[in-house]
J.: 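The structure under discussion is supplied below as structure tokens; questions concerning it will follow.
Worth saying up front: this structure is predicted, and the values here are computed from it rather than measured.
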Amino acid sequence: MENPLLLFPQLNISASKDKPYYKVMKSSIKEEPHKASKPGAKQKRNRLSLLLQKPEFHESDHLGKPGNLAKASSVSPEEAMKWGESFDKLLSEKAGLDAFTKFLKTEFSEENIEFWIACEDYKKSKTSHELLPKAKTIFETFIQKDAPKEVNLDFHTKEVTTQNIHQPLISTFDAAQNTVYRLMEQDSYPRFLRSDPYLNLVKGRNPGRPTLRRRSRSFTVNDFQGVRPDFTVW
């Protein structure tokens with residue numbers, strides 16, 4: 001029987017490293033992972049390039065968009081506490097109005113505050129020509145039967161507002177606005193003051209940001225930089 005080392009010379013572990021076949025095998029082993037890594041790195045660069053081109057990647061830059069928590073996180077506990085003094089105080093500050101609007105959205109009753117805001121804008125009209133189109137939009141959106149955002153009004157207030165819509169005045173929506181205002185003040189506002197988002201603001205907490213923990217003192221890689229090992233202990 002022939003010697004197996006003669007048939008498979010690569011199995012000869014005692015062979016010299018200067019032989020050509022050893023150098024070829026050694027170089028091929030080093031090159032394989034290097035070649036395999038190139039396509040992976042290129043694919044990662046291409047995916048990152050595509051991601052940066054997507055518009056949603058930059059959505060965090062628009063801090064003014066509804067639902068963003070950046071504004072709420074900038075409210076101090078002292079400022080949030082003032083919102084509890086009165087409903088007028090809450091609505092008079094933009095941050096308070098935004099926070100209350102977000103709260104009403106969680107209760108699916110945001111049409112009330114949206115109607116109130118629309119009436120406030122309506123009363124800022126400078127000419128009579130602006131009143132008619134604005135009044136028509138408000139009526140069709142919030143007051144008429146089966147309106148997309150119909151508010152809860154008593155029969156008398158709704159009838160008076162409907163009659164006055166044909167010749168609108170600055171005061172056309174005053175009765176309806178006052179009705180919705182009282183509804184929010186007596187119903188939604190107390191619940192807002194008891195809600196977790198508001199209480200978190202008063203306590204200085206931001207529910208959209210995780211609580212930071214203090215890192216315990218432990219050895220890190222930086223602690224050992226510049227330290228030479230002492231092998232004499234061995």
J.: Could you measure the distance from the CD atom of E93 to the NZ atom of K82? Nearest 0.5 Å is fine.
T.: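 Nearest 0.5 Å value for the CD-NZ distance: 7.0 Å.
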
J.: Mind checking the OG1-CH2 spacing from T179 to W116? Nearest 0.5 Å is all I need.
T.: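 Interatomic distance, T179 OG1 to W116 CH2, rounded to 0.5 Å: 15.0 Å.
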
J.: If I take atom CD from residue Q177 and atom CG from residue N112, how far apart are they, to the nearest 0.5 angstrom?
T.: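 Between Q177 CD and N112 CG, I get 12.0 Å after rounding to 0.5 Å.
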
J.: From Q144 CD over to E150 CD, what is the distance, rounded to the nearest 0.5 angstrom?
T.: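 Spacing of CD (Q144) from CD (E150) equals 8.5 Å.
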
J.: With under 30° as parallel and over 60° as perpendicular, where do the rings of F87 and Y189 fit, or are they tilted in between?
T.: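 Ring orientation of F87 relative to Y189: tilted.
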
J.: Would you say the side-chain atoms of D174 and S171 include a donor-acceptor pair closer than 3.5 Å?
T.: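 Looking only at side-chain atoms, S171 and D174 do not form any donor-acceptor pair under 3.5 Å.
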
J.: Sequence neighbours excluded, which residues qualify as ring pair (Phe, Tyr, Trp, His ring centres under 6.0 Å) partners of Y198?
T.: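 Applying ring pair (Phe, Tyr, Trp, His ring centres under 6.0 Å) to Y198 gives F192.
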
J.: Which heavy-atom pair separates V202 from M81 by the least distance, and what is that distance?
T.: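 Looking at all heavy atoms of both residues, the closest pair is CG1-CG, 3.7 Å.
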
J.: If you look at every heavy atom in K149 and E111, which pair is closest and at what distance?
T.: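 Closest approach of K149 to E111, heavy atoms only: O-CB, 3.7 Å.
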
J.: Taking C-beta and beyond as the side chain, do V180 and F142 meet within less than 4.5 Å on heavy atoms?
T.: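 The answer is no, as the side chains (C-beta and beyond) never meet within the 4.5 Å cut-off.
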
J.: Examine L104 and Y181 and state if one hydrophobic cluster contains both, with Ile, Leu, Val, Met, Phe, Trp and Tyr joined whenever side-chain heavy atoms are less than 4.5 Å apart.
T.: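 They do share one cluster, since a chain of ILVMFWY contacts under 4.5 Å joins L104 to Y181.
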
J.: Within the structure provided, determine whether I113 and L97 are in side-chain contact (heavy-atom separation under 4.5 Å).
T.: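 A side-chain contact exists here, since the closest heavy-atom pair is under 4.5 Å.
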
J.: With a 4.5 Å heavy-atom cut-off, do T141 and F115 have their side chains touching?
T.: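 In short, these two side chains do not touch, never coming nearer than 4.5 Å.
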
J.: If every non-hydrogen atom of F103 is compared with every non-hydrogen atom of S195, which pair is closest and at what distance?
T.: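 Residues F103 and S195, closest heavy atoms: CE1-CB, 3.8 Å.
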
J.: Look at the side-chain heavy atoms of Ile, Leu, Val, Met, Phe, Trp and Tyr, link any pair under 4.5 Å apart, and say whether L193 and M184 land in one connected group.
T.: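 Same cluster.
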
J.: Heavy atoms, side chains only, cut-off 4.5 Å: are N178 and T157 in contact?
T.: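 Sidechains of T157 and N178: no contact.
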
J.: Is it true that K102 and D98 have a side-chain N and a carboxylate O under 4.0 angstrom from each other?
T.: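 Here K102 does not pair with D98 in a salt bridge, since their nearest N and O are not under 4.0 Å apart.
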
J.: Looking only at heavy atoms, which two atoms of E140 and P148 are closest? And how far apart?
T.: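 Heavy atoms of E140 and P148 come nearest at O-CD, 3.4 Å.
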
J.: What's the separation between atom CD in E120 and atom CD1 in I117, rounded to the nearest 0.5 Å?
T.: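 Result: 9.0 Å between the selected atoms.
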
J.: Looking only at heavy atoms, which two atoms of I165 and A135 are closest? And how far apart?
T.: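 Taking every non-hydrogen atom into account, CD1-O, 3.4 Å.
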
J.: So, N164 side chain and V160 main chain: donor-acceptor pair closer than 3.5 Å or not?
T.: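 It does hold such a pair.
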
J.: Rounded to the nearest 0.5 Å, what separates atom CD1 in I170 from atom SG in C119?
T.: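 Between I170 CD1 and C119 SG, I get 11.5 Å after rounding to 0.5 Å.
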
J.: Report the C-alpha separation of I143 and K158 in whole Å, then their side-chain angles, then the decisive distance to 0.1 Å, and conclude whether the side chain to side chain contact (heavy atoms under 4.5 Å, CB included) test is met.
T.: CA-CA 7 Å; I143 296 179; K158 193 167 188 175; 4.2 Å; yes

J.: Can you confirm whether more than 12 heavy atoms, excluding those of D196, are under 6.0 Å from its CG atom?
T.: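 It does not: D196 CG has 12 such atoms or fewer within range.
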
J.: If you take all heavy atoms of E185 and P190, which pair is closest and at what distance?
T.: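 So the two residues come closest at O-CD, 3.3 Å.
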
J.: Compile the donor-acceptor pairs under 3.5 Å between side chains in residues 124-131 and protein atoms, sequence neighbours left out, one pair per line.
T.:
unit_1 : atom_1 : unit_2 : atom_2 : d
S125   : OG     : Y122   : O      : 2.8
S125   : OG     : K134   : NZ     : 3.3

